[in-house]
There are 2 protein chains.
Amino acid sequence: MAQRMDSSSNRLDDAARAGWLYYVAGNTQEEIASKLGISRQSAQRLVSLSVSEGLIKVRLDHPIGRCMDLASRLKSRFALDLVEVVPSDPSSDSTTIGVAEATATEIERWLKRPDPIVMAIGTGRTLKAAVEQLTPMDCPHHKVVSLTGNIAPDGSAAYYNVIFNMADTVKARSFPMPLPVIASSARERELLHAQPMIRRTLALAAQADVTFVGIGDIGPDAPLHVDGFITDAELKELQKAGAIGEICGWSFDADGKLIEGLTNDRVASATIPSREHALVVAIAMGNRKLPGIKAVLNRRLVNGLITDERTAEGLLKLL
Amino acid sequence: MAQRMDSSSNRLDDAARAGWLYYVAGNTQEEIASKLGISRQSAQRLVSLSVSEGLIKVRLDHPIGRCMDLASRLKSRFALDLVEVVPSDPSSDSTTIGVAEATATEIERWLKRPDPIVMAIGTGRTLKAAVEQLTPMDCPHHKVVSLTGNIAPDGSAAYYNVIFNMADTVKARSFPMPLPVIASSARERELLHAQPMIRRTLALAAQADVTFVGIGDIGPDAPLHVDGFITDAELKELQKAGAIGEICGWSFDADGKLIEGLTNDRVASATIPSREHALVVAIAMGNRKLPGIKAVLNRRLVNGLITDERTAEGLLKLL
DNA sequence: ATAAATGTTGAGTATTTGCTCACACACGGG
DNA sequence: CCCGTGTGTGAGCAAATACTCAACATTTAT
């Protein structure tokens, strides 16, 4: 007489059945056990087996599901600690929509902590949009320090410096940098950085617990140039030297390596805090920034990224 | 300035995120809580929301998954309490493969119970195959009662009567019916049923806790005819009267209604136990039996069904 | 403007689940 | 035939999860 089919396939069948009863039918493992005439533990093992054997597939039917999938791939691909991928709005070419809100949420998450932290903030349109999304809070125990100078070339306050807005909204102690973004000479930068107050601010920035920076591109519409921090000639020189992006004014090439000389000799911003000791989050989206983001990630300059779906896809596709 | 997007979509987003972290990334709810900066309870609610909102879809990548899906549809469609759908072997046209094993499993499940039960058993090829799959056990506390006579027209033991095989294998107390399947006349049936021993057996069958019956077709190869219980002429008459299937010899039409007169006046089998008080499981598969199964289910003659994938599909497709 | 209705939250608690361990049983080699 | 070896099993326990409740916030209706 035909013997029972071999037990291994039987076991997988049982596992499938148990998994189905558990995940699809919503049975408890004890119910499954009694239905299958086995002990609860065995039911548990079967359910667990159905998962480990890959019989059970869960998927998330929500736009955000895709985002989180991309996020987790970026995370492992670039050894990141924090990745937020927000849904892309196909009908918008804004470079802040979504990421601004997400960044605000992430900033608030840090500011909600009861223990005092030091948060460093870069500059740029994206960060400004993010800070505008912040909910007013009361965080006198936190310190917010700017990584970049807040003086525009014409002597006015740099429009995209966000430290004041931020400090206002969240009532934290703020540490702006009363400096130009790019000094007129390397010598001037040394002098400025030698001032005790600036030194203290720079030191504070260096020990930030968390840092948020934007990434600028060095294309024809480079923000550094559009905002008047660098001249047409300086932009061209940077491009010729291979610069494809900048963070807080520090230009880097396609490998994420800082350009030697040129404007980098005069950038008055604090150096980007080390990702070794803290969370350094880059916020950037859009095709124009793609090569810059790629370079930053490859070079491991940051360990956090907030971007959108489309950009995330681009990053992963570019190998 | 644009306000935060309305909270309902935000909430669903969070739910999706939580659901993703929970089901896809395998985080614990406490981890999710800390990552999202909310309380553990809120994380639990979000996860639960993601499920109840249908954001999370689980599916089973195993042949049996389809079976259980079919089973659950049959269950609700025909108000059944037990449905087993086994995978179909496309390369086999056996009418017992799979269902035999499944039936054996189900029978064993009942026999494993420590409290004494009464199990009624019909007859037929399918049940015979099922009983042959039974694992030897020791169940002296249970009673197994046959629903049909075990005497073939030529006076020999009916081949497909399974009560003896079964009792042997599981060591249960057995109650066969020393009767022909179909008496020679209505009057003879009355006399036979009036015998005290038969009456007791019939009474026992009527109070069975669980019943397993096969379904026979009334086509050209009707088992009743092939096995010699009815003549060619009787088969034709039944067909003309609209019979399309039989259980334990009781013929019924496409609505599941018993044929009046003809062989049904002489069927010596016990009446099929009522599904009101017990589990009555029909075991049947194959296209030939499809109309019969359909009729039985529509008429609610049984509250259990063991069949295969293909047949289950057929049943659901036929309206 | 007030009250009712609705929804959200955290705390506490009961239930459910995952894990470890010791043991039993079958299989295959010496 | 006996003895590893390895697989499966159940008990017990720790962790994780689901549920209930009361308080509070927010919206809606009068």
Side-chain angles (χ1 to χ4, degrees), chain A residues 3-58 60 105 108-109 111-115 135-138, chain B residues 3-58 60 101 105 108-109 111-114 133-138:
Chain A
Q3 198 46 259
R4 278 293 217 291
M5 65 182 77
D6 63 310
S7 56
S8 73
S9 91
N10 235 325
R11 190 164 170 73
L12 268 191
D13 271 15
D14 284 348
R17 181 177 303 256
W20 191 88
L21 287 167
Y22 188 70
Y23 289 105
V24 181
N27 283 285
T28 177
Q29 295 182 351
E30 202 151 311
E31 291 173 317
I32 296 171
S34 71
K35 285 184 188 180
L36 266 47
I38 54 179
S39 72
R40 187 184 67 73
Q41 290 88 338
S42 300
Q44 196 276 324
R45 284 181 191 110
L46 286 178
V47 171
S48 150
L49 183 67
S50 75
V51 176
S52 64
E53 288 291 319
L55 269 37
I56 295 286
K57 299 266 166 69
V58 305
L60 186 52
T105 302
E108 285 172 21
R109 198 166 291 162
L111 292 178
K112 273 179 194 154
R113 296 168 63 137
D115 51 309
T135 296
M137 344 178 33
D138 213 20
Chain B
Q3 197 45 257
R4 277 293 215 292
M5 63 183 77
D6 63 311
S7 56
S8 71
S9 91
N10 235 324
R11 189 165 171 76
L12 268 192
D13 273 13
D14 285 347
R17 179 175 306 253
W20 191 90
L21 287 168
Y22 189 69
Y23 288 105
V24 182
N27 282 284
T28 178
Q29 295 182 352
E30 200 152 314
E31 292 171 319
I32 296 171
S34 71
K35 285 182 189 182
L36 265 48
I38 54 180
S39 73
R40 189 180 64 69
Q41 290 92 333
S42 298
Q44 195 277 324
R45 283 181 193 113
L46 286 178
V47 171
S48 149
L49 184 67
S50 75
V51 176
S52 65
E53 289 291 320
L55 270 37
I56 294 287
K57 298 266 166 70
V58 305
L60 186 52
E101 290 83 356
T105 303
E108 286 174 21
R109 198 166 291 161
L111 293 179
K112 273 179 194 155
R113 296 169 63 139
Q133 294 296 321
L134 284 175
T135 295
M137 348 181 25
D138 213 10

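Keep in mind that the numbers below use all heavy atoms, side chains included, and drop hydrogens, waters and symmetry copies. Sequence lines set the chain letters: A, B, ... in the order given, protein chains first and strands last, and positions in each chain run from 1. The structure presented is a predicted model; accordingly, all values stated were derived computationally and were not measured.
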The test is side chain to side chain contact (heavy atoms under 4.5 Å, CB included); show your working for B:Q29 and B:V47 and say whether it passes.
CA-CA 8 Å; B:Q29 295 182 352; B:V47 171; 4.2 Å; yes
For B:R17 and B:I32, indicate whether the former's side chain and the latter's backbone hold a donor-acceptor pair under 3.5 Å.
no
Starting at CG of A:L46 and ending at C1' of D:dG10, how long is that distance when rounded to a whole Å?
14 Å
Rounded to whole Å, please give me the gap between OH in A:Y23 and C1' in D:dT17.
13 Å
Ignoring backbone atoms, establish whether A:Y22 has a side-chain N or O less than 4.0 Å from OP1 or OP2 of C:dT17.
yes
OP1 or OP2 of D:dT17 under 4.0 Å from side-chain N/O of B:T28
yes
Ignoring hydrogens and geometry, is there a side-chain-to-backbone donor-acceptor pair from B:S39 to B:S42 under 3.5 Å?
yes
Where do B:I38 and B:D14 land on the side chain to side chain contact (heavy atoms under 4.5 Å, CB included) test, with the steps shown first?
CA-CA 11 Å; B:I38 54 180; B:D14 285 347; over 6 Å; no
What's the CG-P distance between A:L49 and C:dC19, to the nearest Å?
13 Å
Whole-Å distance separating the CD atom of A:E30 from the P atom of D:dA18
16 Å
D:dA18, OP1 or OP2 - any side-chain N/O from B:Q44 closer than 4.0 Å?
yes
Could you go over nucleotides 6-10 of chain C and give all protein N or O partners under 3.5 Å, atom names and distances?
from, atom 1, to, atom 2, distance (Å)
C:dG10, OP2, B:S39, OG, 2.5
C:dG10, OP2, B:S42, OG, 2.9
C:dG10, N7, B:R45, NH2, 3.1
C:dG10, O6, B:R45, NH2, 2.8

Distance test, side-chain N/O of B:Q29 to OP1/OP2 of D:dA18, below 4.0 Å
yes
Heavy-atom donor-acceptor pair, B:N27 side chain to B:Y22 backbone, under 3.5 Å
no
Test log, rule side chain to side chain contact (heavy atoms under 4.5 Å, CB included), inputs A:L55 and A:W20
CA-CA 9 Å; A:L55 269 37; A:W20 191 88; over 6 Å; no
